[in-house]
Amino acid sequence: MSQIKLKHATGNGVIISAPSSNPASDRTLLLPSDADGTIARTIDVDYVKLQSANSTVDVSDLTFDSLDVTSYKSFRIIGSVLPATDEVVLYCRLRASGSSLTSSSYQWKMYGTNAAGNAFTLSSSGEDKALVANNAGNSTREGMRFDILITPRVSGDGFHNNFGFTQGCKYESSTGLEGFNAEFVYNEDSVSDGFTLFHNSGNVSEYSYCLYGIRR
C-alpha cells in the first residue's frame, strides 16, 4: 500500500495512506488555503446533499424522480410538512421512470407512543402504498416531522431492496406530541429510481426538506 509520510523535525510525522480497496474513481483532497490550517472538505464525499426546498404554496405531493441510483445506494429525506386537511397521514410510494409503483405489494409497520404515553402498533400487508407518518393536524405549528431513509432496487441488486425506514413525530394541539418509527418494503422485483410522499386526503400546505444521497 502506497504511503506518504510528512515527518516533523523531531522525528514523528503524519502519514497519508492509499485506501485499502480500490475506489471507484480517483479521490481528491483539498489542502487548506488559509493560514490557520483549517481543513477544507473533500471534493468527493459519501454523504451528499442533493437538494432542499422550503415553501408555503400548496402542492399535491413531494415527488423525486430520476434519482442517480447508479451513484447512490440510499436516499435520506429530512423534513416537515403541514397538511392542508386536518387529521391526515403521510404515505410513500416508490417510483420508476416517472411513474409510481402501485402494485398492492407494500408491507409496512409503525410503532409509536401517543401523547398520553401509551404505546401503539399499526401494520398492513398488501397495500398499494406505505404509511410513513401518522395523522396530524393542519393548524399553525402542527403537522409532521420526519427522517426517512429509502433504498431502491436497481438492476443487478438482490430482491432485498426497495425498502424504507422512518423516524418522526406529529403534533396536534388537541392531543399533543406523538412519536413513531416505521418501516416498509415493496415486495416486488421492480427496479425504482424515485419516490413520492403524499397525504391520504388533500394537499401539502407547507413543507421544508433536505434530500441526501448515500454513495454506493
Side-chain angles (χ1 to χ4, degrees), residues 51 53-65 67 75-116 118-152 162-188 190 192-211:
Q51 59 176 276
N54 294 275
S55 179
T56 57
V57 177
D58 278 25
V59 294
S60 60
D61 51 64
L62 299 179
T63 296
F64 306 89
D65 280 331
L67 297 175
F75 299 89
R76 185 179 183 185
I77 181 168
I78 302 173
S80 59
V81 297
L82 181 69
T85 304
D86 194 27
E87 283 289 313
V88 294
V89 302
L90 189 68
Y91 285 118
C92 177
R93 281 192 180 116
L94 297 172
R95 289 172 64 83
S97 302
S99 298
S100 292
L101 300 178
T102 58
S103 174
S104 298
S105 298
Y106 291 89
Q107 300 179 37
W108 56 263
K109 292 184 178 181
M110 177 175 287
Y111 317 87
T113 305
N114 62 24
N118 299 317
F120 68 88
T121 301
L122 304 172
S123 64
S124 185
S125 177
E127 285 200 42
D128 63 357
K129 54 192 174 297
L131 181 70
V132 291
N134 211 6
N135 57 302
N138 68 334
S139 298
T140 302
R141 294 185 296 276
E142 293 187 334
M144 308 156 179
R145 287 76 172 167
F146 51 78
D147 183 347
I148 304 174
L149 179 70
I150 293 176
T151 301
N162 278 336
F163 63 84
F165 300 97
T166 304
Q167 291 182 313
C169 61
K170 64 95 174 179
Y171 184 75
E172 292 180 278
S173 58
S174 59
T175 58
L177 179 69
E178 178 181 287
F180 52 82
N181 291 278
E183 61 258 5
F184 75 85
V185 63
Y186 185 66
N187 198 21
E188 295 280 346
S190 305
S192 59
D193 63 355
F195 64 93
T196 183
L197 303 175
F198 59 97
H199 294 304
N200 57 315
S201 178
N203 289 336
V204 175
S205 178
E206 299 179 15
Y207 58 89
S208 174
Y209 69 81
C210 288
L211 177 67

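A quick note: this is a predicted structure, and the numbers were derived from the prediction, not measured. Quick note: numbers below take in every heavy atom, side chains included, and nothing from hydrogens, waters or symmetry partners.
Considering every non-hydrogen atom in both N203 and S60, the closest pair reads OD1-CA, 3.4 Å. Across M144 and V88, no two heavy atoms sit closer than the pair CE-O, 3.0 Å. Of all non-hydrogen atoms in C169 and L177, the two that sit nearest each other are CB-CD1, 3.8 Å. Among all heavy-atom pairs drawn from G202 and T85, the shortest one is CA-OG1, 3.5 Å.
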Contacts under 3.5 angstrom, residues 127-139 side chains, donor-acceptor by atom type, not counting sequence neighbours:
| unit_1 | atom_1 | unit_2 | atom_2 | d |
| --- | --- | --- | --- | --- |
| E127 | OE2 | W108 | NE1 | 3.4 |
| E127 | OE2 | S124 | OG | 2.7 |
| D128 | OD2 | R93 | NH2 | 3.2 |
| N134 | ND2 | E178 | OE2 | 2.8 |
| N135 | ND2 | E87 | OE1 | 2.8 |
| N138 | ND2 | A84 | O | 2.9 |

Q) Do H199 and V81 pass the side chain to side chain contact (heavy atoms under 4.5 Å, CB included) test, and can you show the C-alpha distance, the side-chain angles, and the key distance before you say yes or no? A) CA-CA 10 Å; H199 294 304; V81 297; 4.0 Å; yes

Practice prompt. Could you walk me through whether T166 and F184 pass side chain to side chain contact (heavy atoms under 4.5 Å, CB included), step by step?
Written response: CA-CA 9 Å; T166 304; F184 75 85; 5.6 Å; no

Could you go step by step and tell me if F146 and L197 meet the side chain to side chain contact (heavy atoms under 4.5 Å, CB included) rule?
CA-CA 11 Å; F146 51 78; L197 303 175; 4.2 Å; yes

Give the C-alpha distance, both sets of side-chain angles, the deciding distance and a yes or no for side chain to side chain contact (heavy atoms under 4.5 Å, CB included) between I148 and F195. CA-CA 11 Å; I148 304 174; F195 64 93; over 6 Å; no

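Taking the six-membered ring for Trp and thresholds of 30 and 60 degrees, F64 and Y209 have ring planes more than 60 degrees apart, a perpendicular arrangement. Note: F163 and F165 have perpendicular aromatic rings, judged against thresholds of 30 and 60 degrees for the angle between ring planes.
Here the CG-CD1 distance, from L149 to I78, works out to 10.0 Å after rounding to the nearest 0.5 Å. Separation of atoms OH (Y207) and OG1 (T56) is listed at 9.0 Å; rounding is to 0.5 Å.
In this structure, L101 and E188 have side chains that are not in contact, with every pair of non-hydrogen atoms separated by 4.5 Å or more. At a threshold of 4.5 Å between non-hydrogen side-chain atoms, the residues T175 and K170 count as touching. Proximity of Y186 to P152: side-chain heavy atoms (C-beta onward) are nowhere separated by under 4.5 Å. Contact check for I150 versus I77: no side-chain heavy atoms found under the 4.5 Å cut-off.
For the pair D193 (side chain) and D65 (backbone), a donor-acceptor distance under 3.5 Å is absent. Judged by distance alone, with hydrogens and angles left aside, the side-chain atoms of S55 form a donor-acceptor pair with the main-chain N or O of V57 at under 3.5 Å.
Residue pairs meeting the salt bridge (charged side-chain N to carboxylate O under 4.0 Å, His left out) criterion with at least one member in residues 136-149, sequence neighbours excluded: R76-D147.
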